[in-house]
2 protein chains.
Amino acid sequence: MSPLVESFVRHFGEMGSRWGINRTVGQMYAYIVLADEPVNADELAAELRVSRSNVSMGLKELQSWNLVRLKHIPGDRKDYFVAPEDVWEIASTLINERRKREIDPTLTVMRELLMDTPSSAADRHAQNRIKEMYQLIEMLTQWSAEMQKLSPKQISRMLKLGAGVSKLLG
Amino acid sequence: MSPLVESFVRHFGEMGSRWGINRTVGQMYAYIVLADEPVNADELAAELRVSRSNVSMGLKELQSWNLVRLKHIPGDRKDYFVAPEDVWEIASTLINERRKREIDPTLTVMRELLMDTPSSAADRHAQNRIKEMYQLIEMLTQWSAEMQKLSPKQISRMLKLGAGVSKLLG
DNA sequence: TCGTTATTTCAGAAATTACTGAAAATTAAG
DNA sequence: CTTAATTTTCAGTAATTTCTGAAATAACGA
């Protein structure tokens, strides 16, 4: 692993551990993303100096997140993995998976709590706050879903426009 | 704690632990956000059944994230805490703090790696990937910064418009 | 089929993170 | 200044998460 790749991999390991992802899985993904050809499990174990079994578990996790795709190489029995070419696709996958695992269940819980009959003034206040949060999260979620229907090019254009749109709307 | 509040607090404890935040701190914040009056440390310790010292550390963390504000109550020596009234402000704070702690350092590392002279074809490929990610992250960051300058009302309007803006731009 | 190569599983060990109780420090009132 | 109330610190412990090696399973070709 070149120093350049190693720095990046190290950094993403640290960052990963601040999110739900563990250090090794973060490093594995960073390595796969930067690689210019498909990567196999033995290579990951050797380069990152972790056990083969750890790599196996990490790859399973990355696959469950749809962040890597299995790619077979003719004449080679090993499994090889690649990350999507398009960084927008990676971002999009991350957003979708986090929504599925975190946002959706949260919205469900909130929706249920909003159905309950409040049993005190404090409960009524709590429900109000939950409602505000619910509406905020739902709005952001719907916006992001709509954006994802656009092409990366279109999304770029919109984002670059930024708050400028506000003026455009008068 | 009413069943309603307890469900919410429980859920946010679980969710918090999927992000960098630990379960107890997540629960503490959920409790403070829903409370209809300022909350003190003893109340948190009692309601969440954790030690007073744990609460103290958790509150320090929430303060370092700017997610709670200290509020004194006349005639009471205890420290009381509140969360911002406006949920947009909470979201905004979360975004800003995460940017400071995670995005900015990441962009710095990437910028440095892009300055390096690649020492192989693989390195050149890696640099390209890093560049793509850099540009994507920067674009999203700038967009979010611009949006935050608008009022919550304006942001709402824009988000509700969603991809509709795309047509508007032709 | 058998033998070889590759991957997965999983119980226990190692590492990390969270939590507690006791003591120290801080704060404010008298 | 003294005392009492409150908060913080921190060393040790508990709980959780991550990682490993060994064994099991699967995949394939001869």
Side-chain angles (χ1 to χ4, degrees), chain A residues 9-32 37-65 67-82 101-102, chain B residues 9-10 12-32 38-65 67-82 101-102:
Chain A
V9 164
R10 279 250 178 73
H11 180 81
F12 266 76
E14 299 306 318
M15 276 313 159
S17 64
R18 295 215 190 171
W19 290 65
I21 301 132
N22 83 50
R23 207 183 70 248
T24 305
V25 175
Q27 293 184 343
M28 285 173 53
Y29 197 56
Y31 187 90
I32 294 170
E37 47 189 287
V39 175
N40 69 50
D42 287 332
E43 180 180 343
L44 286 168
E47 293 293 334
L48 304 178
R49 257 79 79 68
V50 294
S51 72
R52 182 60 185 70
S53 52
N54 199 1
V55 170
S56 177
M57 293 187 294
L59 283 170
K60 267 193 74 181
E61 191 172 344
L62 289 175
Q63 282 177 284
S64 82
W65 279 81
L67 284 170
V68 293
R69 245 188 288 293
L70 191 57
K71 180 160 194 175
H72 280 294
I73 291 190
D76 193 329
R77 281 178 58 184
K78 286 196 177 69
D79 286 345
Y80 285 80
F81 295 89
V82 291
R101 290 159 202 244
E102 289 150 24
Chain B
V9 165
R10 279 252 178 72
F12 265 76
E14 300 306 318
M15 276 314 160
S17 64
R18 296 214 189 172
W19 289 65
I21 301 132
N22 81 50
R23 206 183 71 247
T24 304
V25 175
Q27 292 184 343
M28 286 173 52
Y29 197 57
Y31 188 90
I32 294 170
V39 175
N40 68 50
D42 288 332
E43 181 179 342
L44 286 169
E47 293 293 334
L48 304 178
R49 258 77 81 66
V50 294
S51 73
R52 181 60 185 71
S53 53
N54 197 2
V55 169
S56 178
M57 294 188 294
L59 283 170
K60 269 192 72 182
E61 191 172 344
L62 289 174
Q63 282 176 283
S64 81
W65 278 81
L67 284 170
V68 294
R69 247 189 285 294
L70 191 56
K71 180 160 194 175
H72 281 295
I73 291 189
D76 193 330
R77 279 180 59 183
K78 286 197 177 71
D79 287 345
Y80 285 79
F81 295 89
V82 291
R101 292 159 200 242
E102 290 150 23

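Letters A, B, ... are given to chains in the order of the sequence lines, protein chains preceding strands, and every chain is numbered from 1.
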Contacts of Y31(B) meeting ring pair (Phe, Tyr, Trp, His ring centres under 6.0 Å) (sequence neighbours excluded), chain-then-number -> none
Can you establish whether the number of heavy atoms outside R10(A) located under 6.0 Å from its atom CZ is more than 12? no
Integer-rounded Å distance: dT18(D) P and E61(A) CD: 8 Å
Please confirm whether the shortest side-chain N or O distance from K60(A) to OP1 or OP2 of dT7(C) is below 4.0 Å. no
Over all strands shown, is D42(A) touching base, sugar-phosphate only, or nothing at heavy-atom distances under 4.0 angstrom? nothing
Taken to the nearest whole Å, CG/D76(A) to P/dA27(D) is 17 Å
NZ on K60(B) to CH2 on W65(B), rounded to 0.5 Å: 15.5 Å
When the distance from NE2 of H72(A) to C1' of dA27(D) is rounded to whole Å, what number comes out? 10 Å
Output for pair (N40(B) CG, R77(B) CZ), nearest 0.5 Å, gives 13.5 Å
Does anything in residues 48-57 of chain B come within less than 4.0 Å of DNA chain D? Heavy atoms only, and list the residues if so. R52(B), S53(B), S56(B)
Calculate the interatomic distance between N40(A) atom CG and dT5(C) atom C1'; express it in whole Å. 13 Å
Interface with DNA chain C, restricted to residues 17-32 of chain B and to heavy atoms under 4.0 Å: N22(B), T24(B)
Approximate separation, where rounding is to 0.5 Å, of L59(B) CG and M28(B) CE: 3.5 Å
Closest non-hydrogen atom pair, E102(A) against M15(B): O-CE, 3.7 Å
